[in-house]
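Residue numbers start from 1 in every chain, and the chains themselves are labelled A, B, ... in the order their sequence lines are given, proteins ahead of strands.
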Amino acid sequence: MDSEDYVELVLTCVERVPPARVTTYGAIAEAVGEVYGGGGPRQVGRVMSQHGGAVPWWRVVHADGSPPTCHDGTARQAYLAEGTPWRPSGRVDMDTAFWRPAPPATMAP
DNA sequence: AATATGACTGTCT
DNA sequence: AAGACAGCCATAT
C-alpha cells in the first residue's frame, strides 16, 4: 500500500459522492483508513490540495458543513447548481446532505 | 532525528 | 458565536 494508493482511494471516495450530497474530511479519512490503516483528516486534506482539482472537491466539506477553503464562492455556486441543501447560515445542511463514503475495499480482486 | 506545517476535528472558554 | 488549545498523521526541511 503506497501513498499513491491512498490518494486513489480518497479520490475514489470523493467521486462516489453523488450530486446534491456532501461528505466530510473525517468521514473520508475513516472510510479510507478502514482499508489503508492509519491516515487522518489532515492526510485527506493534503491529498485534496494536490489532486483535488481532478475531483468535485466542493462535495467535501468541513465537519460543520462549511466549504473547504478559498473558492468558497465557487463552492456556493456549485451547491446552488446541484440543488444541495443550503443553509442560510452559509453552510451545507449536514443533516440532509451528509453522505457516508463507502470504503473502496482496496479495489483488489 | 527533530521541528514545522497543513483543504482537519472536538472540546473548552 | 467565535477564538484558543490540544490531539492526530504524513511530508518537507
(message) I want to confirm an ordering. Mapping A:Gln50 and A:Arg42 to their closest nucleotides on DNA chain C, which one lands closer to the 5' end?
(response) A:Arg42

(message) Rounded to whole Å, please give me the gap between OH in A:Tyr25 and C1' in B:dT9.
(response) 13 Å

(message) Name the residue from A:Val7, A:Thr24, A:Ile28 that meets the side chain to side chain contact (heavy atoms under 4.5 Å, CB included) definition with A:Val44.
(response) A:Ile28

(message) Between P on B:dT5 and CE on A:Met48, what's the gap in Å once rounded to a whole number?
(response) 24 Å

(message) How many whole angstroms separate atom NE2 of A:His62 from atom P of B:dG6?
(response) 14 Å

(message) Rounded to whole Å, please give me the gap between CD1 in A:Ile28 and P in C:dC8.
(response) 21 Å

(request) Would you mind reading off the distance between A:Asp64 atom CG and C:dG3 atom C1', rounded to a whole angstrom? (result) 14 Å

(request) Could you check A:Gly37 against A:Arg91 and say which one's nearest nucleotide on DNA chain C is further toward the 5' end? (result) A:Arg91

(request) Would you kindly give the CD-to-P distance between A:Gln43 and B:dC8, to the nearest whole Å? (result) 11 Å

(message) If you only use heavy atoms from C-beta on, which nucleotide in B:dA7, B:dG6, B:dT9 is closest to the side chain of A:Pro68?
(response) B:dA7

(message) Please determine whether the number of non-hydrogen atoms from other residues, nucleotides or ligands lying under 6.0 Å from atom CH2 of A:Trp86 exceeds 12.
(response) yes

(request) Answer yes or no: is there a donor N or O on one side and an acceptor on the other, between the side chain of A:Arg59 and the main chain of A:Val17, under 3.5 Å? (result) yes

(message) From CH2 of A:Trp57 over to P of B:dA7, roughly how many Å is that when rounded to an integer?
(response) 14 Å

(message) Ignoring hydrogens, what is the shortest heavy-atom contact between A:Thr96 and A:Pro85? Give both atom names and the distance.
(response) CG2-CG, 3.7 Å

